[in-house]
Amino acid sequence: MVQYLQVKVEDIHVLLPALEVHEVTSLEGLVTQGDAHVAWRDRIIALQDLGELLGRPKSAERGFGVVYNCTDDPTVPVMLQVSEVMGLRTPADKDWRALPAVSSRAQALLDAVWVEPPHEMHSYRLRHPVAPDALSQD
């Protein structure tokens, strides 16, 4: 079974493949280059607000960053800005469901839903790899 890092953006739970996560950090005190880039380990990488990518308004409440490989190129990570990091999860194959009707933008980012027993909480799985155009916040 694949292990995932579960993060939260407001009321949306998202699962990121754990093997693609480099680091989880607080955004407090990090040096940012405008709204779109952040200094991480002597590098400048893209800073993407996961909430905005999922159609939510920008929020100062998203105080954590997850350095993540969105593409097949592990040398180009991005930092996803999230509200909360929930921990590692290992969903059983039987608990995955097809993605319900969502916006085309969400369809470009997400590919399945995990219905977590026993509470029936829903978490959306981030596609891997994510198409580069899905990461633009136009």
Would you say the side chain of [Y] lies within less than 4.5 Å of the side chain of [X], judging by non-hydrogen atoms?
X      : Y     : result
Arg41  : Glu23 : yes
Arg56  : Asp49 : no
Leu54  : Val14 : yes
Val82  : Val9  : yes
Gln48  : Cys70 : no
Val7   : Phe64 : no
Val113 : Leu99 : yes
Met121 : Gln6  : yes

Calculate, to the nearest 0.5 Å, the distance between atoms [atom1] and [atom2] belonging to [X] and [Y] respectively.
X      : Y      : atom1 : atom2 : result
Leu50  : Glu10  : CG    : CD    : 10.5 Å
Asp133 : Arg105 : CG    : CZ    : 9.5 Å
His22  : Met79  : NE2   : CE    : 10.5 Å
Thr71  : Leu135 : OG1   : CG    : 8.5 Å
Arg97  : Lys94  : CZ    : NZ    : 8.0 Å
Asp95  : Glu116 : CG    : CD    : 9.0 Å

Closest heavy-atom contact between [X] and [Y]?
X      : Y      : value
Arg125 : Asp111 : NE-OD1, 2.8 Å
Ile45  : Pro77  : CB-O, 3.7 Å
Leu53  : Ala134 : CD2-O, 3.8 Å

Keeping [X] on the side-chain end and [Y] on the backbone end, is there a donor-acceptor pair under 3.5 Å?
X      : Y      : value
His128 : Asn69  : yes
Arg62  : Leu80  : no
His122 : Glu120 : yes

Joint cluster assignment, [X] & [Y], ILVMFWY side-chain distance < 4.5 Å:
X      : Y     : value
Met86  : Leu19 : no
Val67  : Leu30 : yes
Tyr4   : Leu16 : no
Leu110 : Val66 : yes
Val85  : Leu88 : yes

Crowded around Glu61 CD? As in, over 12 foreign heavy atoms under 6.0 Å?
-> no
Anything under 30° is parallel, anything over 60° is perpendicular, the rest tilted; go ahead and classify Trp114 against Trp96.
-> tilted
